[in-house]
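Chain letters run A, B, ... following the sequence lines, proteins first, then strands; residues in each count from 1. Heavy-atom basis, side chains included; hydrogens, waters and symmetry copies ignored.
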Amino acid sequence: MPERKRITTPLTKEVVAELRAGDGVLISGILYTARDAAHKRLVELIEKGEKLPFDLEGQIIYYVGPAPAPPGYPIGSAGPTTSYRMDPYAPILIEYGLRGMIGKGQRSQPVLEAMKKFGAVYFAAVGGAAALIARSIKKAEVIAYPELGAEAIRRLEVEDFPCIVANDMHGGNLFIEGPREYRQKSQKP
Amino acid sequence: MREFDVSDVIEPVKKSCIEANTVLPDDVKKALLEAKGKEESPVGSETLSQIEENIKISASEKLPLCQDTGFAVLFVEIGQDVHLAGGSLREALNEGVRQGYKEGYLRKSIVADPAGERINTNDNTPAIIHLDLVPGDKIKITIAPKGGGSENMSTIKMMKPADGLSGIKDFVVDWVQKAGGNPCPPVVVGVGIGGTFEHVAFLAKKALLRDIGSHHPDPIYAEAEAEILKRVNATGVGPMGLGGRVTALAVFIETHPCHIASMPVAVNINCHAARHKTVIL
């Protein structure tokens with residue numbers, strides 16, 4: 001892994017514009033967590049013209065439903081969940097200012113187009129490296145929908161959260177470019 | 001006839017839930033280490049290093065390997081010379097799961113109604129329990145926590161006998177390639193062939209319990225396992241789908257006789273945290 005870029009939230013469009021698919025990144029600052037159920041509610045609020053539980057501008061949403069925090073830990077194991085389930089909701093959030101998403105697995109075309117149009121980035125974290133990733137989370141606080149349990153929206157303070165740029169705002173896509181580089185010739189196209 | 005009080009499963013099930021979610025079986029750890037030696041992609045190697053470090057942290061700090069501590073899938077073999085007393089075995093198994101997920105700080109991931117309000121049951125029950133009667137006077141319980149991300153990448157196809165084993169191989173390779181990074185590769189691929197619609201899915205799931213390094217007893221299927229593995233690893237999908245040489249750690253095929261008109265095939269994928277723990281009581 002080459003040198004990793006350090007970035008801090010909130011992200012500006014300029015910072016996002018410099019990131020390229022394949023870059024290793026360490027994120028510090030604030031991340032907001034949301035999964036399927038919370039996304040559904042956020043989009044409903046936008047559609048009704050109501051205020052969101054946090055300002056989306058420049059922020060990163062981390063797709064995670066953490067394990068409960070054992071005594072003495074700010075959070076339990078907290079690796080990424082599969083991102084495509086959030087694809088129906090992501091474009092409108094990007095339109096309303098979201099600059100980054102962290103998850104695992106490939107995204108849909110409408111999400112990639114919204115990322116290009118409004119300037120957003122998608123980071124892949126290592127699924128199943130949940131105890132390791134939790135070490136970069138220094139503080140966690142539920143800020144909305146506590147009744148959703150693991151799916152509540154949390155505000156996380158992170159230091160050097162490890163991830164990789166999977167999709168940049170210029171169309172770079174590591175889910176296509178990476179496998180293409182390592183696909184063996186014997187493999188059917 | 002051996003008398004067995006069903007409440008005696010609670011403690012072992014509780015402990016097994018916690019251990020399965022924090023300590024990987026040795027064969028999986030070994031396979032992941034070997035994968036690291038084969039991986040040529042820098043991103044893939046970094047991913048495998050993080051996975052290796054995570055395994056160490058989980059074991060030493062008793063933290064779940066993955067925040068998705070899964071659906072508790074229990075395979076229970078009951079010796080037919082055992083007399084179960086003291087209440088419902090199913091309820092006792094669920095009680096063990098309930099206690100394990102609470103005491104182990106494991107995530108509760110089960111909602112009561114699948115397509116309605118989707119309210120969390122808050123104790124990770126009910127478990128999926130597969131009961132089987134076998135000769136003997138023991139009870140064997142295998143706990144296999146199954147994450148939602150990899151489970152969502154399952155499929156079933158009622159293939160035509162004319163498709164043959166080569167059709168099955170193409171179907172499985174194509175499916176794993178399409179699943180890409182979603183099921184958290186490097187994965188373990190469980191393939192069921194034969195039986196009926198419901199049984200073939202069970203076979204695919206059961207295949208995931210096999211030790212890495214084991215082969216189907218029939219050389220035809222053992223060779224198919226090897227070929228599918230080779231072809232899956234040639235797709236370039238790589239760790240977390242970001243490109244690389246290692247997409248799967250193993251392919252396991254389980255078979256069952258089937259109807260003259262049918263050739264059912266099911267694929268169930270496990271993530272690299274291929275968790276399971278067996279106790280014999």
Between [X] and chain B, with a heavy-atom cut-off of 4.5 Å, which part of the residue counts as in contact: side chain, backbone, both or neither?
| X | answer |
| --- | --- |
| Ala69(A) | backbone |
| Ala124(A) | side chain |
| Ala125(A) | backbone |
| Pro70(A) | both |

Distance-only, no hydrogens or angles: does the [X] side chain make a donor-acceptor pair with backbone N or O of [Y] under 3.5 Å?
| X | Y | value |
| --- | --- | --- |
| Ser77(A) | Pro64(B) | yes |
| Gln67(B) | Gly79(A) | yes |
| Arg183(A) | Thr235(B) | yes |
| Asp68(B) | Thr81(A) | no |

Review point. Taking only heavy atoms into account, what residues of residues 107-120 of chain B are found under 4.5 Å from chain A?
Key: Arg107(B), Lys108(B)
[X] versus chain A, the contacting section by heavy-atom distance below 4.5 Å:
| X | value |
| --- | --- |
| Glu53(B) | side chain |
| Ser41(B) | both |
| Leu106(B) | backbone |
| Glu61(B) | both |
| Asn182(B) | both |

For [X] against [Y], the heavy-atom pair lying closest together:
| X | Y | answer |
| --- | --- | --- |
| Tyr84(A) | Met153(B) | OH-CE, 3.4 Å |
| Gly127(A) | Cys184(B) | CA-SG, 3.7 Å |
| Ala130(A) | Cys66(B) | CB-CA, 3.6 Å |

Practice item. Output, in order, the C-alpha distance, side-chain angles, deciding distance and verdict of side chain to side chain contact (heavy atoms under 4.5 Å, CB included) for Val126(A) and Ile51(B). Key: CA-CA 8 Å; Val126(A) 177; Ile51(B) 289 169; 3.8 Å; yes
Revision key, fill the gap. Counting heavy-atom pairs under 4.5 angstrom with chain A, the leader among Thr69(B), Leu65(B), Thr247(B), Ile55(B) is Leu65(B)
Review point. Under a 4.5 Å heavy-atom cutoff, which of Asp174(B), Leu63(B), Asn54(B) has the most pairs with chain A?
Key: Asn54(B)
**Study point:** Derivation and outcome, side chain to side chain contact (heavy atoms under 4.5 Å, CB included), residues Val237(B) and Tyr182(A)
**Key:** CA-CA 8 Å; Val237(B) 166; Tyr182(A) 292 95; over 6 Å; no
Check your understanding: Is any side-chain heavy atom of Glu46(B) closer than 4.5 Å to a side-chain heavy atom of Arg4(A)?
Key -> yes
Practice item. Pick whichever of Leu174(A), Ile176(A), Thr82(A) has the most heavy-atom pairs under 4.5 Å with chain B. Key: Leu174(A)
